[in-house]
2 protein chains.
Amino acid sequence: MMVSTKGRYALTVMVDLARNCGDGYVSLSDIAERENLSMKYLESIISILNKGGMLNSLRGKNGGYRLAREPRDYNINEILLLTEGTLAPVNCIMQDGVQCDKAATCSTLPLWAGLDKAIENYLSAITLEDIIEGNRKKLLGDYCESCGPADSGN
Amino acid sequence: MMVSTKGRYALTVMVDLARNCGDGYVSLSDIAERENLSMKYLESIISILNKGGMLNSLRGKNGGYRLAREPRDYNINEILLLTEGTLAPVNCIMQDGVQCDKAATCSTLPLWAGLDKAIENYLSAITLEDIIEGNRKKLLGDYCESCGPADSGN
DNA sequence: GACAAATCCTACTCTTTTGGTAGGAATATG
DNA sequence: CATATTCCTACCAAAAGAGTAGGATTTGTC
């Protein structure tokens, strides 16, 4: 599994906030209840998002969190990168440019590099807005069977 | 990390066999030495490949393994799928069609499904032959900076 | 000023996965 | 029959994953 619950729940939280933006600050307990997830666990996850500048927070009564930008201005790659640390499919792809000592002669490395790029490419093209709007064409691309002209709306 | 050493080493073994095909059976100790990997560990990995019908094997002296098909007839997706069990980026994407009970209303599921497809799509299009030939255009696609006309050969 | 509701922070823990190792049985060749 | 090989089962230590626990701090309201 490339993405753990940490990244998955982080995205869930971001989507939840995107849906409820404009209503001031949203408390974590509300999110946890709506999404049916452990509030204590979400706490540690939302803290990463907050420190990473994805959110604004307010302590105390009526406090909570809200998105720092518009939903369309977040791409999924940055959200997952922040929470997961890396999305590299194998650990011989380093995010900071450091390389395995066999890299120069490794014949499988280009495959992993290509896979890494394919993943990044996909995730970078999707925004939070695409998700809340259920933009199936963009999310599922050519693979989406129900994206034809007969489909309703999106 | 989506792909563990198991899948990575499996691919390394397959590439090694592809490079040395035609020379009869190749012993595991030869592969382990060439690739500088633990023979004992490779044993457990090559056993998966063998049982999955990817290889032919011969016991006893002068025995070993060889590819069951031509390098061009293996795609990377099937090799990794066999050794890793699944390549799904999150565990809410089930390979056997079983779904999470929230699937119908989950707004993030299409993203994970799309990512899963993007990965499968990439890996299915690459063959063992592409790797041994170092087909950078196919492996790295549009992201390959050295694939331009100025590049040598491929 | 007390209280309640919220974020913030540190530490702990249980389970599963990963990445192997060890030892020997079965089999084919010379 | 000796040797080189695959095959098979079991074991193990370290790391990662998935949370829990408990409390300190801050802020709005009565």
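These values consider heavy atoms only, across backbone and side chains, with no hydrogens, waters or symmetry-generated copies. Just so we're on the same page: letters track the sequence lines, and every chain starts at 1. For clarity, every value in this text was computed on a predicted model and none was experimentally measured.
Atom CZ of Arg8(B) is separated from atom P of dT18(C) by 13 Å (rounded to the nearest Å). What separates CD1 of Ile45(B) from P of dT18(C) is a distance of 12 Å, to the nearest Å. Between Ile48(B) atom CD1 and dT6(D) atom C1' the separation is 15 Å, expressed in whole Å. Atom-to-atom, CD of Glu43(A) to P of dA6(C) comes out at 13 Å; the value is rounded to the nearest Å. Rounding to whole angstrom units, CG of residue Leu17(B) and P of dT6(D) are separated by 11 Å. The separation between Met1(A) atom CE and dG17(D) atom P is 11 Å, rounded to whole Å. Between Leu42(B) atom CG and dT21(C) atom P the separation is 10 Å, expressed in whole Å. Distance Asn56(B) CG to dC7(D) C1': 16 Å, rounded to the nearest Å.
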* Asked: Would Thr127(B) and Asp130(B) satisfy side chain to side chain donor-acceptor pair (under 3.5 Å), going step by step from the backbone distance to the final call?
  -> CA-CA 5 Å; Thr127(B) 71; Asp130(B) 292 327; 3.3 Å; yes
* To do: Just do the side-chain contact (heavy atoms from CB on, under 4.5 Å) check on Tyr65(B) and Leu28(B) with the steps written out, would you?
  => CA-CA 7 Å; Tyr65(B) 303 90; Leu28(B) 191 51; 4.3 Å; yes
* Do Tyr122(A) and Leu111(B) pass the side-chain contact (heavy atoms from CB on, under 4.5 Å) test, and can you show the C-alpha distance, the side-chain angles, and the key distance before you say yes or no? -> CA-CA 10 Å; Tyr122(A) 173 79; Leu111(B) 175 91; 4.2 Å; yes
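In this model, the phosphate group of dT6(D) is not approached by any side-chain N or O of Asn50(B) to a distance below 4.0 Å at OP1 or OP2. Between Tyr9(B) and dG20(C) there is a side-chain N or O to OP1 or OP2 distance below 4.0 Å. Contact between the side-chain N/O atoms of Ser4(A) and the OP1/OP2 oxygens of dA18(D) is found at a separation under 4.0 Å. Taking side-chain N and O atoms only, Asn62(A) has a distance below 4.0 Å to OP1 or OP2 of dT29(D). Of the side-chain N and O atoms in Ser57(A), one or more sit less than 4.0 angstrom from OP1 or OP2 of dC8(C).
More than 12 heavy-atom neighbours from other residues, nucleotides or ligands sit within 6.0 angstrom of CD on Glu78(B).
Closest contact between the side chain of Tyr65(A) and the listed nucleotides dT29(C), dC7(D), dT7(C) involves dT7(C). Of the candidates dT20(D), dT6(D), dC8(C), dT6(D) carries the atom nearest the Arg59(B) side chain, counting heavy atoms from C-beta on. Considering only the side chain of Ser27(B), dT6(D) comes nearest among dT20(D), dT6(D), dC8(C). When the nucleotides dC8(D), dA6(C), dG19(D) are ranked by their closest atom to the side chain of Ser38(A), dG19(D) comes out on top. Of the listed nucleotides (dT5(D), dA18(D), dG19(C)), dT5(D) has the atom at the smallest distance from the side chain of Ser29(B).
Checked by distance alone, Lys6(B) brings no side-chain donor or acceptor within 3.5 Å of a matching partner on the base of dG20(C). A donor-acceptor contact under 3.5 angstrom links the side-chain atoms of Lys40(B) to the base of dG23(C).
Between Thr5(B) and Val90(A), the closest side-chain pair of non-hydrogen atoms is not below 4.5 Å. Taking 4.5 Å as the limit, every side-chain heavy atom of Leu42(A) sits out of range of all side-chain heavy atoms of Glu35(A).
Along DNA chain D, the nucleotide closest to Gly60(B) and the one closest to Asn91(B) are compared, and the more 5′ of them pairs with Gly60(B). In terms of position on DNA chain C, the residue among Asp30(A) and Thr5(B) whose nearest nucleotide sits closer to the 5' end is Asp30(A). Of the residues near DNA chain D, Lys61(A) and Met39(A), the one whose nearest nucleotide (by heavy atom distance) lies more toward the 5' end is Met39(A).
Contact annotation for Tyr25(B): no contact, since no heavy-atom pair falls under 4.0 Å across all strands. Leu28(A) comes within 4.0 angstrom of sugar-phosphate atoms only, judged by non-hydrogen atoms across all strands, and of no base.
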